[in-house]
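Okay, so here's the structure we're looking at.
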Amino acid sequence: MARYELVKRSVALITLTNPPVNALSSAVRHAMAKSMEQALNDPKVTAVVICGENGRFCGGADIREFAGPLRGPPLVPLLDAIEAGEKPVVAAIEGVALGGGFELALVCHYCIAHFKARLGLPEVTLGILPAAGGTQRLPRLIGIPAALELITTGRHISAQEALKLGIVDQVTEQNACEVAVEFALRAVAKPLSSRRVSMLTTPCPPDLDALLEVVTMEVKKKARGVMAPLACIQAVRAAATMPYSKGIKRESELMATLFNSGQARALQYCFFAQRTAGKWTLPSGAQWNNSKPREIRSAAIIGLGTMGRGIVVSLARVGISVIAVESEKKLLETGKQMVIGMLERDAKRRGVSASLNLLKFTLSLQDLKDVDLVIEAVFEDMALKKRVFQELSKVCRPATLLCTNTSGLDVDALAGVTDRPHLVVGMHFFSPAHVMKLLEVVCGPRSSSETIATAMSLGKRMGKVSVAVGNCPGFVGNRMLKPYMDQATFLLEEGATPEQIDKALEDFGFAMGVFRMSDLAGLDVGWRIRKESGLTGPDVDPKNPPRRRHGRRYCPIPDMVCEQGRFGQKTGRGWYMYDKPGGTNAKPDPLIQNLLEMYRSRYAIQPRNISDQEIIERCLFALANEGFRILEDGIAARPEDIDVIYLFGYGFPRHRGGPMFYASMVGLERVLERLEHYHQAHPDVPHLEPSPLLKKLVACGSPSVQTWREHIKTMHSHL
Ligand SMILES: CCC/C=C/C(=O)SCCNC(=O)CCNC(=O)[C@H](O)C(C)(C)COP(=O)([O-])OP(=O)([O-])OC[C@H]1O[C@@H](n2cnc3c(N)ncnc32)[C@H](O)[C@@H]1OP(=O)([O-])[O-]
């Protein structure tokens, strides 16, 4: 857990050995304490260097240990002892120094960082704060404003930025450990008092209160209802106003308020869920670690609409040659200009040169014959997509993978028109595709494990969080969205307003409520789909009574909004009104209020006062209920996959963990009871009927979300 060696006859080299990230587990802390004691007591040792095995200094505390009782020596006294020691200690930072790893570096008297190293205090993203002295030492070292920014955001910084801020003493392109040993030898006998950061006085701006107030406002705006950043600000205030001995106590008190909170549990769950999601597995036994992805050097994108353009940018910026295809010259030219602009802006932001030489634009599918992979991103129309896939099947070499970016159509039906159904897979990006991190990899029943592995690995290469899902209408994300949005519109019928529903959801933590989000996405797409499926418009079966379709409750208000040409932000009117077409400042619109009143009086609906609690329960429990069905149907392999999809694709607040984790935090029994209650009140809404899996889990004593998988006995997994 920590290796102790004597090098250059007088330097104790302590290497943390806890792969993969040398986390400070109880065993590591124990070994470190012993090694430090040995180094400080051995008269031959004049200096100490601390480094991490395998080119990684330290990824911080072992997050897995947070769930249990504290074992082993606590970190704070161990770090205090390193700082107080009479022999110089040098940190040799390679790879990462994060969280407790960064705090360890802060107590070392000197720091050498490899030029590729990254440092940061990401505790806030786990719902806690840097409670091993980080909130007290960093402000003393780099001042309040810079420390506040790093601690409240959890941002990682480069070695170069750390040097500029005065966190590290030297950045090297050589082996940081060897450089640190030489450095340590030179540091012997130099006075250490000025190198003990806890002894420094925090440089305090004259307008401390005003500064803290501004940061507090910013944090509250960015992360509504999130506790950890606010606690971080209070801890930093203590560093400015108290001596270290008192500040460290304040830090510990604040940590205690966060450590066992639901938010901390949710955020730590998200950390592991994100990593679990990459570990896809099929009932056949094929999985992430036994299926080899193909190497993709070249790709083609068909369709240069918003989605296609974003996908081209995502591919080109990771070095893949891309051929972009459009059907008309004008569309091709417009798409080309936009892609080039996007790539140039992106490259400027990242300080690299734009990879324009990787791009080719064409009107002919014939140009795709040699590419490794094609992603179709044409209009959401099955007949058109089938024509494209038939054509690709003829044009592309037999080994080319054929992928579709459909957001909900049948991937297997597309595979069926090709000569290579095993090489067909869905790659469902989210708009804007070069920004949004989520990728649903839709596995058709005939997609081979190599095809799935390739799509998952390509997603990772593009910096996406890829989740393997089964093939059904809407897959996971959009299938779950329907009951959620249905509840929101039913609540409108019953007496709520768009702004009331949005506010309840935004107070819950969503960046945008459902109606503001729909206005942003555009209301016409859903309207067209409803028309095509005969739910509204001239094809509606006249036998349907009003407000009912296929024997279920149906709310026509979204259709009525669209009939008035209100398609959302792009038309300046939607559920809200905007200053101009394309405007973003949403204001409640009296015309919508009138429309709702007329609608309710036409159908003799007596509006009632609807509480925020009912809004949250009906929207979110209906959402989770569909998630349980998705698990039963084998469309998602585990609740973590669903949660990751909602966190990265639908703006679900991270501090709530995702819809399935949230349901488990509320208590499955309570969710079941509320769904039963609402279903009784609305028997014509099947989505409110509790799913068999939810009932089964409650009957099994509501096990923790990580173990639900054991209770799902899916007969026909779609994965
Ligand atoms: C008093 C307390 C004060 C201090 C508090 C803290 O320090 S809080 C901590 C503050 N620190 C952080 O928040 C840093 C969190 N870590 C990271 O940000 C990244 O892991 C990384 C940048 C270090 C490496 O990225 P990468 O893409 O190269 O690798 P990867 O991400 O895929 O991880 C590989 C494996 O390691 C696992 N694992 C990783 N870290 C930890 C951990 N600390 N613990 C346990 N496990 C950890 C991870 O789950 C995965 O396991 P799997 O799935 O293979 O079983």
Side-chain angles (χ1 to χ4, degrees), residues 274 277-278 280 296 299-315 373-382 384-386 388-389 392 401-415 423-447 451-482 484 517 521-522 525-526 529 626-627 630 633-637 641-652 658 718-719:
Q274 191 177 335
W280 59 275
I296 299 298
I301 305 303
I302 306 184
L304 277 179
T306 312
M307 268 297 181
R309 296 195 292 265
I311 301 171
V312 173
V313 171
S314 302
L315 289 164
L373 171 143
V374 180
I375 302 175
E376 161 280 306
V378 302
F379 209 56
E380 200 68 350
D381 171 336
M382 187 49 127
L384 171 64
K385 285 185 191 279
K386 278 188 173 169
V388 170
F389 271 73
L392 288 172
L401 260 62
L402 304 181
C403 311
T404 173
N405 176 49
T406 178
S407 58
L409 297 177
D410 185 352
V411 171
D412 195 46
L414 290 174
L423 296 184
V424 175
V425 71
M427 289 186 78
H428 178 208
F429 291 80
F430 287 72
S431 185
H434 60 301
V435 177
M436 293 291 284
K437 297 268 282 178
L438 180 65
L439 177 70
E440 277 185 327
V441 171
V442 188
C443 313
R446 291 179 276 179
S447 312
T451 304
I452 296 166
T454 306
M456 291 291 287
S457 127
L458 181 59
K460 192 166 182 195
R461 189 166 157 200
M462 287 185 282
K464 307 285 175 206
V465 178
S466 313
V467 185
V469 299
N471 182 34
C472 72
F475 317 131
V476 170
N478 286 344
R479 172 169 158 181
M480 285 173 69
L481 202 58
K482 180 162 169 31
Y484 169 74
M517 178 54 91
V525 183
I529 293 171
E626 192 62 19
I630 281 174
D633 293 351
I635 294 296
D641 292 358
I642 297 179
D643 285 334
V644 166
I645 287 172
Y646 262 77
L647 294 172
F648 287 95
Y650 297 85
F652 199 97
H718 288 78
L719 275 163

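Predicted model only: the values in this text are computed from it and were never measured.
At least one donor-acceptor pair under 3.5 Å links the side chain of K385 to the backbone N or O of V378. Panel note: side chain E440, backbone S466; no donor-acceptor pair is recorded below 3.5 Å. Side-chain atoms of K460 never come within 3.5 Å of backbone atoms of V465 as a donor-acceptor pair (strictly under, hydrogens ignored). For the pair K464 (side chain) and A433 (backbone), a donor-acceptor distance under 3.5 Å is present. Formation of a donor-acceptor pair under 3.5 Å by the T451 side chain with backbone atoms of V424 is not found in this model. Judged purely by atom type and a 3.5 angstrom limit, N405 has no side-chain atom pairing as donor or acceptor with the backbone of E376. Using modelled atom types, one side-chain atom of N478 and one backbone atom of S407 make a donor-acceptor pair closer than 3.5 Å.
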Exercise. Report the C-alpha distance between L439 and F648 in whole Å, list the side-chain angles of each, state the deciding distance to 0.1 Å, and finish with yes or no for side chain to side chain contact (heavy atoms under 4.5 Å, CB included).
Key: CA-CA 9 Å; L439 177 70; F648 287 95; over 6 Å; no

Practice problem: Dump the intermediate steps for side chain to side chain contact (heavy atoms under 4.5 Å, CB included) on I375 and L373, then the final yes or no. | Solution: CA-CA 7 Å; I375 302 175; L373 171 143; 3.6 Å; yes

Quiz item: After noting the C-alpha distance and the side-chain angles of I302 and L392, does the key distance pass the side chain to side chain contact (heavy atoms under 4.5 Å, CB included) rule?
Solution: CA-CA 10 Å; I302 306 184; L392 288 172; 3.6 Å; yes

Quiz item: What's the verdict on salt bridge (charged side-chain N to carboxylate O under 4.0 Å, His left out) for R479 and D633, showing C-alpha distance, side-chain angles and the deciding distance?
Solution: CA-CA 12 Å; R479 172 169 158 181; D633 293 351; 2.9 Å; yes

Practice problem: Could you check F429 against M462 for side chain to side chain contact (heavy atoms under 4.5 Å, CB included), going step by step and ending with a plain yes or no? | Solution: CA-CA 11 Å; F429 291 80; M462 287 185 282; 3.7 Å; yes

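Counting all heavy atoms, side chain and backbone alike, V476 lies closest to A636 at CG2-CB, 4.1 Å. V442 approaches V411 most closely through the heavy-atom pair CG1-CG2, 3.7 Å.
Considering V441, V425, L401 in turn, L401 is the only one that fulfils the side-chain contact (heavy atoms from CB on, under 4.5 Å) rule with T454.
Considering only heavy atoms from C-beta on, M427 stays 4.5 Å or farther from T404 through its side chain. Residues R309 and I301 form no side-chain contact, since every pair of their non-hydrogen atoms from C-beta on lies 4.5 Å or further apart.
Ring planes of Y650 and Y646: parallel class, angle under 30° (limits at 30 and 60°).
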